[in-house]
Amino acid sequence: MMMIRPPRFLSPSPAPGPRGPRLRRPVDASRIFSSPRPPGRRPHPRPRAASPSTDLRRLTARIVDLTRRRQLAQIMEEVEAAQRRVRAGGVLNTIVMNAVLEACVRCGDVNRALLLFEEMRGPRGCGVDGVSYGILLKGLGIARRIDEAFEILESIEKDSSIGSPRLSPHLICGFLNALIEAGDMRRANALVARFRKVLYEGHSVLLYNLLMKGYIKSNFPLGALTVKDEILRQGLKPDRLTYNTIISACVKSSEIDKAIQFLEDMKEEAKRESNAELLPDAVTYTTLLKGLGISRDLYSVLKIVVEMKSSLLSIDRTAYTAMIDALLACGSIDGALCIFGDIIKQSGSNKDLRPKPHLYLSIMRAFATRGDVDMVTRLSKRMWPDSVGSISRAAKEEAHELLMEAAINNNQIDLARGLLRRIVNEKECFSWTSRVGLVAVKVESLSGFTNSLLRPHVFPQIILNDPVEKYMVPFQESRPLPADLILRKVVMRFLEDRAVPLVDDWGGCVGIVHRDDCTKLDAPLLSMSRGPPLCVPTSTTVEHVIDLLLREKSEMVVVVKSGNMYEGSYASSSRPLGVFSLAILWNFTGDYSSDIHDAGSRVTAVKQDAETCNCG
């Protein structure tokens, strides 16, 4: 049976003819006086409002970026602003709040993380999941709040936690890694033993890799070898990270032969199983080069370098730097220069290979030891335009110090003295035991006291073998202060004296307060002292007292009778005879003809002169 559609009747078209006038809609008066639209331009469409999910993704990315920069205060401000915007339509979701929780942990504010976690799982919160519990456990492990972390794990195991999280290796491994990073292998092993059944789910080597890293952190690197045996006993196959961790453990324990053997085992297993994921990478070779450089095995270093450059391995800047450091440690400066030239050549097309300033300084140290002033000067000049990253003030100062060292090793005394003058004017202080200090001593010894740049203090009135009793100031003239006195009441005293002795109610000296330790105005003076005072008997030589002051970094010693000393300790019941300080010592620099016992009244004036002549 056919269905026939009924015909559509159309209205007849009007006959063609002259058109009549077209009727127009009456124009509104407001449109008459409005500014006309420029011809050829269309009105721009209104921007569509971003969907809430897009805004939350942007906010999450913003939180991750601020976390990387450790700007927790800015994160909390932006999150509060976002909560005010969405308060009418709901709350921020769990993904965003987990990112905030991770930011609190990364920035070290575990207390805020706990408050945020309680807010999330509250009645008005967005809820928590397994990721939230994992982040919180990691934060508690970093903060060494182990008992609280174990309580949370036990509540999860008993299924009594809000959110119904499930025990999983991912949940526990964050906490385990925090314990391992802290070097607490006892609690790490206890955690593994407690949740062994959960951690062994999936038969992954991740847990064993973490345990090996823990043995390296706990200064027992060879314990990682026992973990490898356990991996093989469980029927698992080590991955590249496993081998890299084992090689790092061997290098740290100075077992270089074992590290090389594991490298060969790694390559053989990759070849046997046709698994490219087991082949050594840049981390493997970099770790091995560090150990070979320490052992000064030049032949093995060159062998590893050739193997790296002949393979299909992608060599990055860190690997090139490890090559140069190992060659310099073995004394092969020419080999290091070859690798350095290769870096400079390739950095023209690959900006990621541009060396950092510390690589220039490493090569400059080698040439400074040789006394090659020309090479140190060239490298110092090229460090500014050719290196990548910021050049710190310490790097700039070390470049000048290495140039001075090269000059003194090349017997260019005038150049070394000019550089030392510049260093003394720029640096506030330096240690005599540092590299620049030892070079400065050499420059001073070659220059003599008449041409000295450091203006050493000469004590013509002091004989170093004399007893300290001859030069001390009587104890009462040092104006001691009561030990229970509040700092606020005597704060002006420390503008005059760098160190003041403290006495108890019986007149015994119980401590010495230094100006640098006065940090709490409302605290008693005794709480800011550095423990019991340094005491010497009256027969101690001045030379020994000066050495004691410099070694202990103290400003003052208390002089007592020889009978009051017993095995180097001082009894508070015995009364001190006097004090001897560095401020008193400065009084004897130059030509002073005043009486020795007037030294206490000249401390301030000589102290100012000593500070202006500070030689570091």
SG (C338) and CD1 (I324) are apart, to the nearest 0.5 Å, by 10.0 Å

Between A336 and L327, the two heavy atoms sitting closest are N-CD1, 3.7 Å

So salt bridge (charged side-chain N to carboxylate O under 4.0 Å, His left out) across residues 314-343, not counting sequence neighbours, yields K309-D342

G293 backbone acceptor or donor facing R296 side chain under 3.5 Å | no

The single option from E78, R70, Q71 that satisfies side chain to side chain donor-acceptor pair (under 3.5 Å) with Q74 is E78

Quiz prompt | Side-chain (S295) to main-chain (L292) donor-acceptor, under 3.5 angstrom | solution = yes

The reported gap from CG in L359 to OG1 in T321 (rounded to nearest 0.5 angstrom) is 5.0 Å

Applying salt bridge (charged side-chain N to carboxylate O under 4.0 Å, His left out) to R370 and not counting sequence neighbours gives none

Does T369 use its side chain to pair, donor to acceptor, with the backbone of R365 at less than 3.5 Å? yes

Next on the checklist: Working note: D229 + R233, criterion salt bridge (Lys or Arg N to Asp or Glu O under 4.0 Å); need CA distance, chi angles, decisive distance, verdict.
Outcome noted: CA-CA 6 Å; D229 297 336; R233 192 161 38 249; over 6 Å; no

- Message: Side chains of L179 and R144, heavy atoms from C-beta outward: is any pair under 4.5 Å?
- Response: yes

Sequence neighbours excluded, the answer for side chain to side chain contact (heavy atoms under 4.5 Å, CB included) partners of D517 is H514, R530

Let's go through E555 and R515 carefully: what are the C-alpha distance in whole Å and the side-chain angles of both, what is the deciding distance for salt bridge (Lys or Arg N to Asp or Glu O under 4.0 Å) to 0.1 Å, and is it a yes or a no?
CA-CA 10 Å; E555 293 283 338; R515 179 195 298 172; over 6 Å; no

- Short side-chain to backbone donor-acceptor contact, S380 and V376, under 3.5 Å: no

Of all heavy-atom pairs linking V251 and T287, the shortest is CG2-O, 3.7 Å

Quiz item: Taking atom types as modelled, is there a side-chain donor on T245 or N209 under 3.5 Å from an acceptor on the other?
Solution: no

Those residues at least two apart in sequence (or on a different chain) that pass side chain to side chain contact (heavy atoms under 4.5 Å, CB included) with T541 are E543, H544

Would you say S248's side chain and N244's backbone share a donor-acceptor pair under 3.5 angstrom? no

Notebook entry, point to check: Does the R354 side chain pair with the main chain of V388, one donor and one acceptor, at a distance under 3.5 Å?
Noted result: no

More than 12 non-hydrogen atoms from neighbouring residues, nucleotides or ligands closer than 6.0 Å to CG on L222, yes or no? yes

In short, A416 meets M404 closest at the heavy-atom pair O-CG, 3.7 Å

*Between the side chain of S347 and the main-chain N/O of N350, is any donor-acceptor distance below 3.5 Å?*
no

Closest non-hydrogen contact found for C330 with V301 is SG-CG2, 4.0 Å

**Q.** salt bridge (Lys or Arg N to Asp or Glu O under 4.0 Å) assessment of R68 paired with D65
**A.** CA-CA 5 Å; R68 195 178 297 113; D65 182 56; 3.4 Å; yes

Counting N and O atoms only, with roles assigned by atom type, does the side chain of R240 sit under 3.5 Å from a partner on the main chain of L279, one being a donor and the other an acceptor? yes

key: S390 side-chain N/O to S392 backbone N/O, donor-acceptor pair under 3.5 Å   = no

Quiz item: Between the side chains of T242 and D239, is a donor N or O closer than 3.5 angstrom to an acceptor N or O?
Solution: yes

Residues at least two apart in sequence or cross-chain that pass side chain to side chain contact (heavy atoms under 4.5 Å, CB included) with N409, listed by chain then number, are E405, K442

*asked:* One pair to check against side chain to side chain contact (heavy atoms under 4.5 Å, CB included): V373 and L403. What are the steps and the verdict?
replied: CA-CA 7 Å; V373 180; L403 186 57; 3.9 Å; yes

Contacts of A249 meeting side chain to side chain contact (heavy atoms under 4.5 Å, CB included) (sequence neighbours excluded), chain-then-number -> I216, P221, A224

Rounded to the nearest 0.5 Å, the CD atom of E148 sits from the CG atom of L137 at a distance of 11.0 Å

Q. For T284 and D281, what are the C-alpha separation, side-chain angles and deciding distance, and is it a side-chain hydrogen bond (donor to acceptor under 3.5 Å, both in side chains)?
A. CA-CA 5 Å; T284 312; D281 59 355; 2.6 Å; yes

Sequence neighbours excluded, the answer for salt bridge (charged side-chain N to carboxylate O under 4.0 Å, His left out) partners of K252 is none

Aromatic centroids of F175 and F150 separated by under 6.0 Å: yes

CG of L114 to CG of L140, rounded to nearest 0.5 Å, is 5.5 Å

The reported gap from CD1 in I363 to CD1 in I339 (rounded to nearest 0.5 angstrom) is 10.5 Å

**Message:** With a 4.5 Å cut-off on side-chain heavy atoms, are S387 and P357 touching?
**Reply:** yes

Would V439 and E401 satisfy side chain to side chain contact (heavy atoms under 4.5 Å, CB included), going step by step from the backbone distance to the final call?
CA-CA 8 Å; V439 177; E401 295 164 3; over 6 Å; no

Residues A103 and T67: closest non-hydrogen pair is CB-OG1, 3.2 Å

Sequence neighbours excluded, the answer for salt bridge (charged side-chain N to carboxylate O under 4.0 Å, His left out) partners of R272 is none

For L153 and L191 the tightest heavy-atom approach is CD1-CD1, 3.8 Å

For residues 373-388, the salt bridge (charged side-chain N to carboxylate O under 4.0 Å, His left out) pairs (sequence neighbours left out) are D374-R378, R382-D386

Requested in this report: Go through L548 and R551 one step at a time and tell me if the side chain to side chain contact (heavy atoms under 4.5 Å, CB included) criterion holds.
Outcome: CA-CA 5 Å; L548 180 65; R551 183 173 65 251; 3.3 Å; yes

Sequence neighbours excluded, the answer for salt bridge (charged side-chain N to carboxylate O under 4.0 Å, His left out) partners of E102 is R106, K138

Practice problem: Determine, step by step, whether R498 and L582 satisfy the side chain to side chain contact (heavy atoms under 4.5 Å, CB included) criterion, reporting the C-alpha distance in whole Å, the side-chain angles of both residues, the deciding distance to 0.1 Å, and the verdict. | Solution: CA-CA 9 Å; R498 295 186 63 87; L582 293 179; over 6 Å; no

Those residues at least two apart in sequence (or on a different chain) that pass ring pair (Phe, Tyr, Trp, His ring centres under 6.0 Å) with Y360 are F340

Going by atom type alone, with no hydrogens or angles, which donor-acceptor pairs under 3.5 Å involve a side-chain atom of residues 257-269 and a protein atom two or more places apart or on another chain?
from : atom 1 : to   : atom 2 : distance (Å)
Q261 : NE2    : D265 : OD1    : 3.1
E264 : OE2    : K267 : NZ     : 3.4
K267 : NZ     : E307 : OE2    : 2.9
E269 : OE1    : Y243 : OH     : 2.5

The reported gap from CG in D516 to OG1 in T519 (rounded to nearest 0.5 angstrom) is 10.5 Å

